[in-house]
2 protein chains.
Amino acid sequence: MNYQPLLNYMEQHIQLTSEEKSLVINRVNHRKYLRNQYVVQQGDVCRFESFVLSGCLKTFYVDQDAQEHIVMFAVENWWCADLGSFITQTPADYNIQCLENTELLQFSFDNLQQLYLEVPQLERFFRIIIQNAYVATEKRIVRNFSLSAKERYLKFREQYPQMEQRVPQYMIASYLGITKEFLSKLRGQLMQED
Amino acid sequence: MNYQPLLNYMEQHIQLTSEEKSLVINRVNHRKYLRNQYVVQQGDVCRFESFVLSGCLKTFYVDQDAQEHIVMFAVENWWCADLGSFITQTPADYNIQCLENTELLQFSFDNLQQLYLEVPQLERFFRIIIQNAYVATEKRIVRNFSLSAKERYLKFREQYPQMEQRVPQYMIASYLGITKEFLSKLRGQLMQED
DNA sequence: CTAGCACCTTAATCTAGATTAATCTTTTTT
DNA sequence: AAAAAAGATTAATCTAGATTAAGGTGCTAG
């Protein structure tokens with residue numbers, strides 16, 4: 001099993017001895033999902049905080065009118081969970097579904113509590129993860145408030161350049177909060193411009 | 001000085017001995033602000049995490065077109081800070097300004113680091129604060145995505161019933177992400193309906 | 001090879017909410 | 001009490017983006 005990407009990621013924020021690393025590795029579950037499988041379903045408690053080794057996932061919300069709203073994508077070296085649900089162990093607002101065959105390293109809630117005792121530095125690590133998630137979410141609110149659909153799309157393209165090749169346009173539209181038809185129109189306009 | 005509201009709030013999440021309580025009280029600054037004073041300005045580093053003893057504040061963002069976007073209000077027993085800035089000690093995206101004369105209990109970044117050593121339980125407490133902030137922010141994204149302006153307004157009214165009397169309508173409009181004229185129209189419609 | 005499905009585009013029409021501008025009301029200042 | 005400033009309403013017009021509907025492209029499967 002390849003734990004290196006996770007350990008590399010962790011070492012960006014904390015230093016771990018090799019004993020600590022093996023404690024982490026002991027508590028983490030490796031799991032493969034197939035394309036279209038769900039990692040979390042709206043209404044269930046989110047049981048894992050997952051690190052993406054390979055593949056691609058979407059986190060989305062289904063509203064009363066059965067409309068899907070994508071709130072984030074996750075690819076290699078990203079974390080993915082309904083953090084609100086995981087943290088409080090209450091039912092999830094979001095679904096998380098694989099867009100490709102996907103390999104995850106998963107921390108269950110209980111294992112994570114254990115690990116906090118075994119490797120106290122992880123308290124710090126996961127606080128940073130939550131903080132980053134929080135800051136990113138806040139920035140997204142600001143962006144949705146103050147930018148037009150076209151500006152949001154351009155920002156998305158520069159921020160996730162690989163993403164457009166990887167996921168269908170109607171999902172990008174959903175992420176941007178617009179219809180696929182309007183995204184198509186914007187793309188038409190942008191082609192024109194250059 | 002009246003520290004009781006803060007201690008009550010803390011005791012909802014953690015238990016503190018009376019020695020620990022005095023450690024907290026020793027590290028917290030009490031400060032009065034006048035109406036219209038700024039607690040944080042966009043571009044400055046947010047120096048405090050503040051607990052509201054009395055008064056009312058708005059957290060807002062000014063975009064390129066000098067438009068103000070209110071992201072949250074804070075009243076008695078709420079926390080207020082540009083958490084993203086405070087946590088990372090980097091320049092703030094938001095302004096925080098008093099809408100009334102306001103009394104705050106403030107934790108400076110350095111004092112808080114000290115306190116984490118003196119009262120380790122506070123690590124837990126402030127993680128919970130951040131988690132709650134995160135969850136609230138996430139729910140807000142979902143709401144902005146899937147509800148119409150009218151629905152958001154109704155939700156706002158039921159969630160912050162006291163607020164409408166306390167802050168001018170054009171600020172509520174800004175919080176809801178609509179113009180004051182349109183809010184006025186909605187209010188007209190709703191009067192009609194009942 | 002063609003049927004079917006998943007995805008994308010284009011164009012016409014519609015609507016929630018923005019903009020502008022004028023008037024009215026309430027609060028604050030002097 | 002008058003004047004000024006701050007806030008709220010109303011109505012006409014405008015626009016970003018939604019909706020509907022039809023046709024196009026390209027993959028995958030029998």
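Predicted, not measured: the structure shown is a model, and the values here were computed from it. Hydrogens, waters and symmetry mates play no part in the numbers below; they use all other heavy atoms, side chains included. Order of the sequence lines fixes the chain letters, A, B, ..., with proteins taken first and strands second; residue numbering starts at 1 for each chain.
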Which sits closer to the 5' end of DNA chain D, A/Ala149 or A/Lys180, going by the nucleotide each is nearest to?
A/Ala149
Give me the atom names and distance for the closest heavy-atom approach of A/Ser146 to B/His69.
CB-NE2, 3.8 Å
Exercise: do B/Glu76 and B/Ser54 side chains pair donor with acceptor under 3.5 Å
no
B/Arg140 CZ: over 12 foreign heavy atoms closer than 6.0 Å
yes
With a 4.0 Å limit, can you tell me whether A/Arg187 has a side-chain N or O closer than that to the phosphate oxygens OP1/OP2 of C/dC8?
no
Rounded distance in Å - CZ (A/Arg166) to P (C/dC7):
16 Å
Calculate the interatomic distance between A/Glu181 atom CD and D/dA16 atom P; express it in whole Å.
18 Å
Output the rounded distance in Å from CD (B/Gln165) to P (C/dT26).
15 Å
Any non-hydrogen side-chain atom of B/Arg187 less than 4.5 Å from a side-chain atom of B/Glu164?
yes
Without decimals, in angstroms, what is the distance between B/Leu190 CG and D/dT10 P?
13 Å
By nearest heavy atom, map B/Tyr170 and B/Gly188 onto DNA chain D; which one lands nearer the 5' end?
B/Tyr170
Map A/Val167 and B/Ile178 onto DNA chain C by nearest heavy atom, then report which one ends up closer to the 5' terminus.
A/Val167
Rounded to the Å, how far apart are A/Lys185 NZ and C/dT13 P?
13 Å
Under 4.0 angstrom between A/Ser184 side-chain N/O and C/dC8 OP1 or OP2:
no
Please classify the nucleic acid contact of A/Phe182 as base, sugar-phosphate, or nothing, using heavy-atom distances under 4.0 Å.
base
Could you check how far CG of B/Leu186 sits from P of D/dA8, rounded to whole Å?
14 Å
Ignoring backbone atoms, test whether A/Gln169 places a side-chain nitrogen or oxygen under 4.0 Å from the OP1 or OP2 oxygen of C/dT9.
yes
In whole angstroms, how far is the P atom of D/dA8 from the CG atom of B/Leu183?
9 Å
Integer-rounded Å distance: D/dA16 C1' and A/Asn144 CG:
15 Å
With side-chain contact (heavy atoms from CB on, under 4.5 Å) as the test, pick out the partner of A/Tyr175 among A/Tyr153, A/Phe60, A/Phe156.
A/Phe156
Quick one: is B/Thr179 getting a side-chain N or O under 4.0 Å of the C/dA18 phosphate, OP1 or OP2?
yes
